[in-house]
Amino acid sequence: MTQTIHARISQIRIQAAEFGPMLDGCLQTKRNKVVNKDGATHTSPIHYQFQYCGADGKTHWKSIPPRHCALIRRLVARGREFKLLEREYTALVNEVTLAELGKKND
């Protein structure tokens with residue numbers, strides 16, 4: 001049992017090392033609605049913002065030109081794949097660590 005877990009942990013380490021560039025956040029599509037003084041509304045063209053958590057722990061936004069949206073979407077998808085891999089790795093390491101501790105007799 002732990003042999004297969006150790007093998008999977010090694011596979012995950014190899015996958016993580018080969019992962020390449022990725023982003024942790026989301027790409028948002030925005031439109032602004034503006035009400036003029038005469039009561040008419042104007043809707044702005046679509047613009048894109050990348051929302052992410054900065055090093056300070058606060059939410060930040062970065063405007064993205066439309067020509068870069070496809071690349072940003074691919075990098076965000078890779079970031080999500082990496083998070084799934086990271087969660088699996090953490091769960092497996094926890095399992096192995098707890099199994100190796102065994103029961104203590106006090």
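Along the sequence shown, residues are numbered consecutively beginning with 1. Note: hydrogens, waters and symmetry copies are ignored here, and every other heavy atom, side chains too, is used.
- Side-chain atoms of Pro21 and Leu75, non-hydrogen and from C-beta on, do get closer than 4.5 Å to each other.
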Apply the test side-chain contact (heavy atoms from CB on, under 4.5 Å) to residues Val96 and His6: give CA-CA distance (whole Å), side-chain angles for both, the deciding distance (0.1 Å), then the verdict.
CA-CA 8 Å; Val96 167; His6 282 292; 3.5 Å; yes
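- To the nearest 0.5 Å, atom OG1 of residue Thr29 and atom CD of residue Gln49 are 10.0 Å apart.
- Atom-to-atom distance recorded for Gln28:CD and Gln51:CD is 4.5 Å, nearest 0.5 angstrom.
- Each of Arg80, Lys83, Arg78 was compared with Asp24 under the salt bridge (Lys or Arg N to Asp or Glu O under 4.0 Å) criterion, and only Lys83 meets it.
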If you apply the rule side-chain contact (heavy atoms from CB on, under 4.5 Å), what do you find for Thr43 with Asn32, and how did you get there?
CA-CA 6 Å; Thr43 304; Asn32 294 334; over 6 Å; no
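- Ile46 CD1 to Cys69 SG: the interatomic distance, rounded to the nearest 0.5 Å, is 9.5 Å.
- No single ILVMFWY cluster, assembled from side-chain heavy atoms under 4.5 Å apart, contains both Leu71 and Met22.
- Listed by first and then second residue, the ring-ring contact (aromatic ring centres under 6.0 Å, His included) pairs involving residues 60-90 are Phe19-Phe82, Tyr52-His60 (not counting sequence neighbours).
- Taking the side chain as every heavy atom from C-beta outward, Val34 and Thr41 never approach each other to under 4.5 Å.
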Verify side-chain contact (heavy atoms from CB on, under 4.5 Å) between Lys62 and Tyr48, making sure each step is shown before the conclusion.
CA-CA 9 Å; Lys62 174 87 174 152; Tyr48 302 94; over 6 Å; no
Under the side-chain contact (heavy atoms from CB on, under 4.5 Å) rule, what do Ile12 and Leu92 come out as? Steps first, then yes or no, please.
CA-CA 10 Å; Ile12 290 173; Leu92 291 172; 3.8 Å; yes
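- Here Glu86 pairs with nothing under the side-chain hydrogen bond (donor to acceptor under 3.5 Å, both in side chains) rule; sequence neighbours left out.
- Residue Glu95 holds its CD atom at 12.0 Å from OG1 of Thr90, rounded to the nearest 0.5 Å.
- No donor-acceptor pair closer than 3.5 Å links the side chain of Asn36 to the backbone N or O of Asp38.
- Exactly one residue among Gln15, Arg13, Arg8 makes a side-chain hydrogen bond (donor to acceptor under 3.5 Å, both in side chains) with Gln11. That residue is Arg8.
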